[in-house]
Amino acid sequence: MSFDWAPPLIGATGPELPARAPQTQPYRPDTVLDGWATDGFAVRAASVRGPGHRASDVPRQDDFALATADGSVIAVVADGVSNAPLSHLGATMVCRTVVDYLLRADDTVDWHDLLRCAGWALVEYAGRQLGEPDPQRAEALLASTVVVALVRPDGPGRAVAHLVRVGDSAAWRLRDGTWEPLLTDPADPQDELLPDGVAALPRVPTEVDPVAVTLVAGDVLVLATDGFAEPLGHGTGDLGRLFGDGLTTPPAMTRLAWMLDFAGGAWDDDRTVLAVWPVPPELP
């Protein structure tokens with residue numbers, strides 16, 4: 001598929017609605033990009049406001065974060081819950097809290113404590129900055145899903161990714177154009193922070209079991225919000241082929257954003273994709 005200024009078309013599309021400026025403070029861009037490489041990894045990420053939010057002046061509620069420490073990659077994708085009016089702030093706060101925690105962690109990560117700290121960051125922000133000390137009000141205002149990957153090198157061209165999540169954001173190992181889901185259907189969190197309800201922070205599962213997956217040269221670890229996961233489905237349709245081809249090697253960041261700005265069908269949610277490639281060291 002050629003790369004031009006018109007977004008990729010996935011399925012039928014109706015009349016294009018004009019984009020409206022998001023009604024939010026502080027300022028939040030429609031689209032954000034990131035990408036870089038280390039000796040063992042290449043990474044790309046983009047987050048794009050969906051057509052529905054563009055047409056209804058709602059800010060982009062997705063966010064992501066990338067960092068590197070001791071040769072590993074920290075990758076986080078968060079999706080603010082749509083009916084929480086400040087969930088765009090919640091998604092950003094969750095991403096930053098997770099990265100800060102993992103940058104300070106030693107070789108053994110307490111994954112339950114990681115998610116608990118991310119959840120309590122929302123509760124503390126609501127109490128300190130918004131004057132809302134009730135944890136249930138923090139949920140109503142700031143709730144966000146999250147999927148986290150800590151990707152560690154495991155020899156030349158090889159890595160092991162450790163993943164956890166709360167909510168319906170997703171992860172895959174993309175190998176030879178095939179999308180392999182890495183996480184089972186999310187379980188509802190229990191009442192450690194809040195009463196039972198939707199699977200989103202600040203609610204935290206009672207049991208957190210990280211998933212470990214091996215990546216080799218040619219594999220791609222992909223994290224995404226449900227605005228991408230739902231239209232992707234099993235990865236056998238047009239969107240799966242578009243990204244399966246487009247992520248064979250690390251694309252230009254602008255190309256990733258262009259692919260992610262796909263139009264068509266009923267898919268109008270914000271969409272975020274973060275990809276990690278294990279790459280072998282260069283030969284002398």
Side-chain angles (χ1 to χ4, degrees), residues 17-34 45-67 74-101 115 117-132 134-148 165-170 186 189 193-194 197-204 223-231 256-257 260-261 267-274:
L17 298 175
R20 297 173 60 87
Q23 300 300 306
T24 183
Q25 292 295 331
Y27 168 75
R28 191 170 186 82
D30 178 281
T31 300
V32 292
L33 311 172
D34 198 7
S47 184
V48 175
R49 188 161 61 128
H53 285 172
R54 284 176 176 161
S56 56
D57 65 31
V58 173
R60 175 177 48 83
Q61 295 171 330
D62 287 2
D63 211 347
F64 68 84
L66 278 165
I74 299 166
V76 191
V77 167
D79 181 358
V81 174
S82 59
N83 60 4
L86 299 178
S87 65
H88 56 289
L89 299 180
T92 297
M93 202 171 313
V94 165
C95 288
R96 292 177 178 177
T97 301
V98 169
V99 168
D100 289 345
Y101 186 104
L115 296 176
C117 286
W120 274 108
L122 302 182
V123 175
E124 291 173 352
Y125 180 86
R128 183 178 65 253
Q129 299 293 337
L130 305 177
E132 298 278 5
D134 183 351
Q136 293 191 27
R137 287 294 296 155
E139 177 189 40
L141 293 169
L142 297 162
S144 176
T145 74
V146 68
V147 57
V148 182
R165 75 167 168 184
V166 177
D168 57 2
S169 294
L193 289 177
L194 296 165
V198 297
L201 295 171
R203 300 176 186 263
V204 178
L223 311 183
T225 57
D226 65 341
F228 175 81
E230 290 185 3
L256 176 59
L260 199 54
D261 199 22
W267 315 115
D268 63 355
D269 197 5
D270 300 339
R271 59 285 299 259
T272 298
V273 165
L274 186 160

- Task: Quick one: closest heavy-atom pair of Ser144 and Gly80, and the distance?
- Result: OG-N, 3.9 Å
- Item | Gap between atom CG of Asp79 and atom CG of Asp226 - 0.5 Å precision | 5.0 Å
- Closest heavy-atom pair and its distance - Ala118, Thr97: CA-CG2, 3.8 Å
- Counterpart residues, side-chain contact (heavy atoms from CB on, under 4.5 Å), relative to Ser47 (two or more places apart): Val32, Arg60, Asp62, Phe64, Thr272
- Task: Of all the heavy-atom pairs spanning Phe228 and Arg271, show the shortest one and how long it is.
- Result: N-CB, 4.0 Å
- Note on the structure: Correct closest heavy-atom pair for Leu142 and Leu86 would be CD2-O, 3.3 Å
- Is it true that Asp63 and Arg28 make a salt bridge, defined as a side-chain N closer than 4.0 Å to a carboxylate O? yes
- Search all heavy atoms of Pro202 against all heavy atoms of Pro135 and return the closest pair with its distance. CG-O, 4.5 Å
- Task: Hey, could you give me the CG/CG distance between Leu141 and Leu89, rounded to the nearest 0.5 Å?
- Result: 10.0 Å
- Query: Got Val146 and Ser169 here, is their nearest side-chain heavy-atom distance under 4.5 Å?
  - Reply: no
Result block: side-chain N/O donor-acceptor pairs under 3.5 angstrom for residues 50-59, not counting sequence neighbours:
from: His53; atom 1: ND1; to: Asp270; atom 2: OD1; distance (Å): 2.9
from: His53; atom 1: ND1; to: Asp270; atom 2: OD2; distance (Å): 3.0
from: Arg54; atom 1: NE; to: Asp30; atom 2: OD2; distance (Å): 3.0
from: Arg54; atom 1: NE; to: Arg49; atom 2: O; distance (Å): 3.3
from: Arg54; atom 1: NH1; to: Asp261; atom 2: OD1; distance (Å): 2.8
from: Arg54; atom 1: NH2; to: Asp30; atom 2: OD1; distance (Å): 2.9
from: Arg54; atom 1: NH2; to: Asp261; atom 2: OD1; distance (Å): 3.3
from: Ser56; atom 1: OG; to: Gly52; atom 2: O; distance (Å): 2.7

- Residue pair Val166, Val204: steps toward the side-chain contact (heavy atoms from CB on, under 4.5 Å) verdict: CA-CA 7 Å; Val166 177; Val204 178; 5.7 Å; no
- Query: What pair of heavy atoms forms the shortest contact from Val76 to Leu223, and how long is it?
  - Reply: N-CD1, 4.5 Å
- How about Thr145 and Thr225: do any of their side-chain heavy atoms sit closer than 4.5 Å? no
- Query: Can you find a heavy atom in the side chain of Leu256 that is under 4.5 Å from one in the side chain of Leu33?
  - Reply: no
